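Have a look at the structure below, then the notes.
What's counted below: heavy atoms across the whole structure, side chains too, no hydrogens, waters or symmetry copies. Everything quoted here is computed from the prediction, not taken from an experiment. Residue numbers begin at 1 in each chain, while the letters A, B, ... track the order of the sequences.
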Amino acid sequence: MNVFDFLIGRMSPEYFPSDPATIGAAIGMPLGVLGIAALLTYFKKWKWLWREYITSLDAKKIGVMYIVVALVMLIRGFADTLMIRAQTAIAANGQQGPIDADTFQQVFTAHGTIMIFFVAMGLMFGLINVALPLLIGARDVAFPFLNSVSFWLFAAGMILVNFALIFGGFSAGGWLGYPPLTGLEYSPGPGVDYWLWTLQIAGVGSLLSGINFFVTIIKCRAPGMTLMKMPIFAWSVLVTTVLIMLAFPVLTATLAMLSLDRVFDMHFFTSTGGGNPMLYVNLIWAWGHPEVYILVLPAFGIYSEIVATFARKAIFGYKTMVAALIGIMFLSFIVWQHHFFTMGAGANVNAFFGIMTAIIAIPTGVKIFNWLFTMYRGRILFASPMWWFMAFVVTFTIGGATGVMMSVPALDFQVHNTMFLVAHFHNVIIGGVIFGYFAGITYWFPKIFGFTLHEGLGKASAALWQIGFILAFLPLYALGLMGAVRRIDSYTDPSWQPLFIVSAIGVMVIGAGIFAMVLQIAVSIKNRKKYVVGGDPWNGRTLEWSVPSPAPHYNFAITPIVEHQDQWWYEKEHRQKNKGVLTDIEMPKNSPLGFYIAIAAGLFGFGVIWHLWWLVGLAFVAIIVLVITRTMNDDTTYVITKEVLADEMGVAA
Amino acid sequence: MSTHTTVSEKNATAELGFWMYLMTDLMLFASLFATFYILRVGVADGPTAAEVFDINYVMAQTLVLLASSVTSGMALVSMKFSMKKQALVFLGATILLGVGFLALELNEFIALATEGNSWTTSAFLSSYFTLVGTHGLHIFIGLIWASVLFVALAKQPVVSDNHVRKLSLFTMFWHFLDLVWIFIFAVVYVIGVYA
């Protein structure tokens, strides 16, 4: 092997994109990034960006960055959707669709990967960062530096998945990449490696966040806030973090083993050499099923806060809400096999997992009824977050019902891997997860920025998403029952085409919903002076509404003393002042090391993808050196004295 | 953060975080153990566990690691009594024993590979090299960590609470790796050879 080969690994010009759609994206994306860089330079905002965001350890700032990345990725993932549905609307009866089969496979793989890991997870961690410390009366998370590392690892994964478009191509193996298709023998190129390392890097970030928020909830609650006085959102995050800590290491191990199969020619999941591809399917779903609850539980928490606030009532059945969350936590680990009833585990195993799956509908149903009973006889204000909630109840209940249908193995044999399944999981993920996080963004936006979002456009967006959703996905249920399998890029049955066309129209209506949302943000920022609000714009119940908007970087000048569930509501009702006293507080200093560690991790992944072993070695050493640098630094905090705090609050110390 | 007013509370938070990290690491190992247990019969054309493992060699390796666990505990006890010199001696001994363990393991890996029984031979050997190698990688990182602590401690004139906290986290990590090794000894070597 000569030096040149050693330096460039397996990189070669053939990996630049060749089809027109990909070339367009491969040129457009870097131009977009350059455009943003030019704007930052023109407005001299680089230093501001570095100081206020990139090196910031403030959970609220980190949360905003998560949400911005997730919304940009939503548009990227949606562009994939447009291609998928344009293809299936056109490519019937021998008609040529706009994209070829291999690109189509890459497109649906990228769509699933991006939507789950970079949109849903991004929105989730973004809102947890923004809201959780405020809700539990904390100044920050337990490990602010680790939080920054988590975010930047997430960002590094996001950059890798997009870079695949420019150079190398992405995996064509579906969002969970089952071997042996994704093994070395059938997918020798770099696409699957891009998929693996994107997920691996972002996944480690999620794992660290899980630990961080678990410890935050256990250790950093305001004095007096017992676990059973926590807002439901905090409970939902606590349960989610337990799931993250138990499930994500399985993902890390599974992806590592597939990567070892590919790089070192091992035999974990190959069909030869004693390997067992079924083992992969079990392992990936042992992570994958808890993962869907990881995504949806914080959204449930957000709905609980929103419904209580806008119905002007305490949440109905607080204890059953908590019990339901914990019930779902346990059940989510004993249902994974329902993703592959057809793979031949036998009738008894299928029956067990089928029954466990159906049982999950009980705690979930408890939650739905609790929300409805919270609204019952409430003085409901139908602000835009409530519109998202109403859309959620309808959509999610339909999705839950089709889920229970598929929990019956006999029925699942008919609809396994068909469009029926595709409709089902979009039904619960869009209706449950995405609507919840959009509601959360609308709800907490004023707390972070000091002004509300335009109400009319928010409602328009919710309505368009809901209508678009019905048009896009209900036809897929019918198609699934008619025998249309998922991931097809062409078909010969002419009776399918009208339904696929309706679905494509629905996608465009969802596109209008996304546009309304972008417009909503733009209009609100432009006219922000008109929408400026005080600390408590929604007449809220929980502690975050007791501080000014935008929330100061230390969250609470005075640590609140908690005596009641919905403490802030209680104080307003009884005209009490909080009993907390002013003290000096300790805050973390900014640090660029999280950013650097993520760059090194991204280069590590890039090195493995292209077999640049020198880069892998350098990046590994860089990560170790950076971590040591951080741990050896004992000067990581600074103190804000109570005189300064009093001055900012306008009172005497 | 409000609750971070005292050093002891800060320590308790860091310790809980570290426990949680160890639990996640345990899940990682659990996945690898499950994989090994299922794939140990996937020997294809390669050898079986009974044909390649020497239980006496592994027993020696185990004793070296257990000894390092004892010395790391002694280092922490010395630190708590502010006996810096003694702590350095025990920490140094931990590092040497750890290096010895890793050398024995590498020697076994190289011997296997040169006999033609590398990780590409069969699913059984793939999962063996990965499970034991992941433990070895943890030991390697632990050794870097211990060395950094050793240098930092040697430079300081007096022992601070901060040092005690940092060493106690390392000791937890080291004992944890010991525990994982006991399972490797039982599941990989004992069950592999005798069952």
Would you mind checking which part of [X] comes under 4.5 Å of any heavy atom in chain B, side chain (CB onward), backbone (N, CA, C, O), both or neither?
X         : result
Phe264(A) : both
Ile628(A) : side chain
Ile218(A) : side chain
Asp634(A) : side chain
Ile624(A) : side chain
Phe213(A) : neither
Thr631(A) : backbone

For [X], I'd like to know if atom [atom1] has over 12 heavy atoms of other residues, nucleotides or ligands within 6.0 Å.
X         : atom1 : result
Phe109(B) : CZ    : yes
Glu185(A) : CD    : no
Tyr638(A) : OH    : yes
Tyr37(B)  : OH    : no
Lys80(B)  : NZ    : no

Over all atoms of both residues, closest heavy-atom pair of [X] and [Y]:
X         : Y         : value
Pro249(A) : Ser31(B)  : O-OG, 4.4 Å
Gly274(A) : Ala44(B)  : N-CB, 4.0 Å
Gly17(B)  : Val215(A) : CA-CG2, 3.6 Å

Do the non-hydrogen side-chain atoms of [X] and [Y] ever get within less than 4.5 Å of each other?
X         : Y         : value
Lys219(A) : Glu15(B)  : no
Leu39(B)  : Phe268(A) : yes
Tyr21(B)  : Leu208(A) : no

**OP:** Could you give me the CA-CA distance, side-chain angles and deciding distance for Met266(A) and Thr120(B), then say whether side-chain contact (heavy atoms from CB on, under 4.5 Å) is met?
**Re:** CA-CA 5 Å; Met266(A) 288 197 183; Thr120(B) 60; 5.8 Å; no
Original post:
In residues 123-150 of chain B, which residues are in contact with chain A at a heavy-atom separation under 4.5 Å?
Top reply: Ala123(B), Ser126(B), Ser127(B), Thr130(B), Phe140(B), Ile144(B), Val148(B)
**OP:** Identify the residues of residues 168-175 of chain B whose heavy atoms come closer than 4.5 Å to a heavy atom of chain A, ordered by number, or report 'none'.
**Re:** none
Original post:
Measuring heavy-atom distances to chain A, does Ala30(B) have an atom under 4.5 Å in its side chain, in its backbone, in both, or in neither?
Top reply: neither
**OP:** Go through the atoms of Asp25(B) and report whether side chain, backbone, both or neither lie under 4.5 Å from a heavy atom of chain A.
**Re:** neither
Original post:
Just how far is it from atom CG of Leu283(A) to atom CD1 of Ile38(B), taken to the nearest 0.5 Å?
Top reply: 7.0 Å
Subject >> CH2-CE distance between Trp287(A) and Met27(B), expressed to the nearest 0.5 angstrom >> reply: 14.0 Å
Subject >> Greatest number of heavy atom pairs closer than 4.5 Å to chain A - which of Ala34(B), Ala12(B), Ala152(B) >> reply: Ala12(B)
Original post:
Quick one: of Leu26(B), Leu32(B), Val41(B), Thr24(B), who has the most non-hydrogen atom pairs under 4.5 Å with chain A?
Top reply: Thr24(B)
Original post:
Does the Lys166(B) side chain pair with the main chain of Met632(A), one donor and one acceptor, at a distance under 3.5 Å?
Top reply: no
